[in-house]
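Reckoned from all heavy atoms, side chains included, excluding hydrogens, waters and symmetry mates. Counting starts at 1 for both ligands and their atoms, in listed order. This structure is a prediction, so every number in the text was calculated from the model and none was measured.
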Amino acid sequence: MKKLYSVLSFSALMGLAASCGEIIENEVAVSEVSEQLSRENFVPGQLLIKYKTASQGSRLSQDVLALIQANVVEEISTSAMVEANARKSVPTGDLLLVESKLGTFEAIERLRAMPEIEYAEPNWIYQHFATSNDTYVSSGQLWGMTGTFGSQASVAWAANKLGSNTVYVGIIDEGYMYTHEDLAANAGVNPGEIAGNGADDDGNGLVDDVYGWDFDGNNSTLFDGTGDDHGTHVAGTIGGVGGNGIGVAGVNWNVKMLGAKFLGSRGGTTANAIKAVDYFTDLKTSQGLNIVATNNSWGGGGYSQALKDAIDRANAAGILFIAAAGNSGTNNDASASYPSNYDSPNVIAVASITSTGALSSFSQYGATTVDLGAPGSGIWSTVPVAVGKGKNATIGSGYASYNGTSMATPHVTGAAALYASLNPNASAAQIKAAILGSTTATSSLAGKTVTGGRLNVSGF
Ligand SMILES: [Ca+2]
Ligand SMILES: [Ca+2]
Ligand SMILES: [Ca+2]
Ligand SMILES: [Ca+2]
């Protein structure tokens with residue numbers, strides 16, 4: 001129910017955005033529609049503020065806070081922001097998350113007149129792009145890997161192109177079950193962090209972030225149970241362990257996956273999405289971890305300059321940002337969907353196709369804003385399942401079939417990791433060009449995607 005609900009609320013938001021024209025750069029339009037927006041689309045009363053200069057001093061901050069009757073919720077200064085500020089070469093950071101008694105949009109309206117404010121925007125809430133698991137049937141068929149209209153990963157496997165455990169991928173989603181029987185061998189760990197010693201060994205501000213970090217709960221337990229099914233499903237498509245005689249196989253039989261959980265039971269916020277994106281940027285720039293891409297099977301809300309800045313920091317670090325086009329069946333050229341619509345060079349936007357090559361009925365598309373299609377209907381992958389009931393219940397390893405651009409996206413993220421394993425010196429731009437340049441022309445995607453084609457890794 002949650003998933004269907006999230007899709008409906010996302011459609012409603014996009015519909016409102018379309019009816020009011022430009023929601024992206026016209027805050028008046030946003031303000032006009034704000035009364036109609038359901039409360040779950042942004043955190044009520046909260047807004048993210050960025051000053052034009054990194055440090056403005058507390059006096060000015062107090063004036064601004066008084067003007068909008070606000071309290072500071074959090075000063076956000078990620079390691080990636082600090083580094084960006086020092087280098088002045090990529091989008092700088094230092095965001096203030098505040099809560100205003102005036103409400104989000106009234107506060108933004110008042111801040112528009114203040115010259116020292118670069119931007120102020122809602123703390124949007126994102127939802128993942130899976131649909132229900134109604135199609136859960138015991139087919140056992142991984143058509144996304146082996147089928148005519150699949151990714152052709154099985155052709156790569158046959159040529160002994162199986163990925164590499166020196167390639168890392170970041171999963172920005174719910175948590176994922178890194179102990180799953182078909183994922184554990186490909187679970188990545190933060191090499192700079194010593195597990196369970198209560199210390200922040202790598203100095204990134206997060207204590208014991210071994211398998212990643214839970215930005216929703218602000219704790220080190222990345223995986224929190226059966227509610228983290230969506231993130232676990234995504235992981236299995238990228239890197240389900242192949243050739244082990246059980247379960248599924250990901251595009252990569254070998255890869256290392258790290259998690260940044262920011263989607264909780266009620267979705268995820270812009271503030272936490274930014275921290276998740278910056279988390280991987282910092283792991284790469286500070287520790288040299290070979291992170292080639294993040295998987296982003298989520299969306300909703302409106303344009304966020306602060307989130308785009310974080311995506312641009314990832315771009316500067318050479319990390320692709322692979323994003324789901326959305327599940328409302330609409331045209332993203334006409335009504336923008338974020339984060340897939342951000343025009344940052346590292347973004348790859350992914351539509352969903354069926355096992356017969358049709359555009360999935362739910363899939364959003366866009367001749368200039370969605371790059372390619374990939375398998376997203378009837379996709380089998382890994383999930384956590386409850387074993388037993390009540391006090392004696394435990395979490396076990398299971399498998400399920402899901403639909404969504406959420407499921408198409410990790411096929412492309414897997415492709416990025418596979419290409420990187422075969423071309424260790426390829427830049428993010430080169431990996432993106434290889435993925436887009438090797439698509440197979442597909443009639444259902446012609447005029448509806450940039451490439452007019454579907455994912456095909458057979459020539460990697
Ligand atoms: Ca740490
Ligand atoms: Ca530690
Ligand atoms: Ca947790
Ligand atoms: Ca397997």
query: If you check every N/O/S atom of D200, which is the one nearest the Ca ion (ligand 1)?
result: OD1
- request: Return yes when at least one N/O/S atom of N219 is nearer than 3.0 Å to the Ca ion (ligand 3), and no when none is.
  value: yes
Aromatic ring pairing H233/Y402, orientation class (parallel under 30°, perpendicular over 60°, tilted between): parallel
G205 near the Ca ion (ligand 1): N/O/S under 3.0 Å: no
message: Looking at S421 and L418, would you say the former's side chain and the latter's main chain have a donor-acceptor pair under 3.5 Å?
response: yes
message: Side chains of N254 and N165 only: does a donor on one sit below 3.5 Å from an acceptor on the other?
response: no
- prompt: Which distance, rounded to the nearest 0.5 Å, do you find between the CG of D208 and the OG1 of T221?
  reply: 11.0 Å
query: In terms of side-chain geometry, is the basic nitrogen of D173 or K261 positioned less than 4.0 Å from the acidic oxygen of its partner?
result: no
field: D216 near the Ca ion (ligand 3): N/O/S under 3.0 Å
entry: no
field: Where the Ca ion (ligand 3) is the vertex, angle from D214 OD2 to D224 OD1 to 10°
entry: 130°
message: Report whether any nitrogen, oxygen or sulfur of D209 sits less than 3.0 Å from the Ca ion (ligand 1) (N, O or S, backbone or side chain).
response: yes
- line: Output for pair (N71 CG, S100 OG), nearest 0.5 Å, gives 9.0 Å
Proximal heteroatom of E193 relative to the Ca ion (ligand 1) (N/O/S): OE1
- prompt: Is there an N/O/S atom in V248 that lies less than 3.0 Å from the Ca ion (ligand 4)?
  reply: yes
query: Are the ring centres of F223 and Y176 closer than 6.0 Å?
result: no
query: Of the backbone and side-chain N, O or S atoms of N204, does one lie nearer to the Ca ion (ligand 1) than 3.0 Å?
result: yes
- prompt: With no hydrogens and no angle check, do the side chains of N244 and D182 hold a donor and an acceptor under 3.5 Å apart?
  reply: yes
query: Which N, O or S atom name in D202 marks its closest approach to the Ca ion (ligand 1)?
result: OD1
task: May I ask you to check if any N/O/S atom from I246 comes under 3.0 Å of the Ca ion (ligand 4)?
output: yes
message: Tell me whether the Ca ion (ligand 4) has V241 as a neighbour, meaning an N, O or S atom of it below 3.0 Å.
response: yes
